[in-house]
Amino acid sequence: MELFTPDFGLIFWMFVAFGILFIVLWRFAWPMILKSVDSRAELIDKGVEYAQAAKAQLDNARQEAEDYLNDARRQQADILREADKMKTQIIEEARSAAQVEAQKVMESAKLQIQQQQKEAQQQFRNQVSEFAIQIAGKIVHNQMKDDEAQNKLVDSLLDDIESKN
């Protein structure tokens with residue numbers, strides 16, 4: 001039964017050994033353990049802060065990338081609208097230039113037609129005049145065969161000239 005009931009001396013020396021061990025541990029080991037635990041906790045806190053900062057940077061980078069993409073899409077849409085406006089404007093300018101050119105060609109053609117008509121009328125008048133002169137010459141030649149008819153004609157022409165003056 002001695003094993004189950006320890007002696008007072010044994011308890012005393014065990015208590016003294018425990019006290020010395022506790023004082024040595026409390027004095028030397030406990031600060032090292034606390035320092036190690038604190039540094040480990042600080043390292044974990046820094047890791048958590050770094051992870052949170054990295055997550056915030058990643059979220060920020062994602063947001064910036066999304067903003068850049070949205071801006072690029074907006075710019076693309078603006079460029080496409082501007083290109084469409086320019087295309088429409090170029091087409092309208094080409095149409096108006098073609099209409100102006102067509103109008104010029106039409107006016108030029110009209111002027112050419114009018115000139116050709118005037119020339120044709122002038123040629124027609126010249127030919128009619130030549131025919132009239134030839135006919136008149138033949139008639140006058142036939143009527144003026146005798147001298148008396150020639151004198152009458154000259155007198156009538158002189159009378160007409162005097163009456164006009």
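Along the sequence shown, residues are numbered consecutively beginning with 1.
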Problem - ILVMFWY cluster membership beyond L10 - transitive side-chain contacts under 4.5 angstrom - result: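 Direct or chained contacts put L10 with M14.
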Qualifying residues under side chain to side chain contact (heavy atoms under 4.5 Å, CB included), relative to [X], sequence neighbours excluded:
X: I44; result: R40, V48
X: D38; result: none
X: I20; result: V16, V24

Practice task
Evaluate the side-chain proximity of V128 to R125: yes if any heavy-atom separation is below 4.5 Å, no if none is.
Solution key: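 A side-chain contact is absent here, since even the closest heavy-atom pair is not under 4.5 Å.
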Problem - Side-chain touch D59/Q63, heavy atoms, less than 4.5 angstrom - result: no
Distance from [X] atom [atom1] to [Y] atom [atom2], nearest 0.5 Å?
X: M86; Y: T88; atom1: CE; atom2: OG1; result: 11.0 Å
X: L25; Y: M32; atom1: CG; atom2: CE; result: 12.5 Å
X: D84; Y: Q89; atom1: CG; atom2: CD; result: 11.5 Å
X: D7; Y: W13; atom1: CG; atom2: CH2; result: 13.5 Å
X: Y68; Y: R73; atom1: OH; atom2: CZ; result: 15.0 Å
X: I133; Y: N126; atom1: CD1; atom2: CG; result: 9.5 Å

Handout entry: Pair listing, salt bridge (Lys or Arg N to Asp or Glu O under 4.0 Å) test, anchored in residues 92-101, at least two apart
Key = E92-R95
Exercise for the section: Show the numbers, then the answer: is there a salt bridge (charged side-chain N to carboxylate O under 4.0 Å, His left out) between E42 and K46? Expected result: CA-CA 6 Å; E42 190 176 312; K46 285 182 182 178; 3.5 Å; yes
Handout entry: Counterpart residues, salt bridge (charged side-chain N to carboxylate O under 4.0 Å, His left out), relative to R81 (two or more places apart)
Key =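 Checked R81 against salt bridge (charged side-chain N to carboxylate O under 4.0 Å, His left out); matches are D78.
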Problem - Side chain S108, main chain K104, donor-acceptor under 3.5 Å - result: no
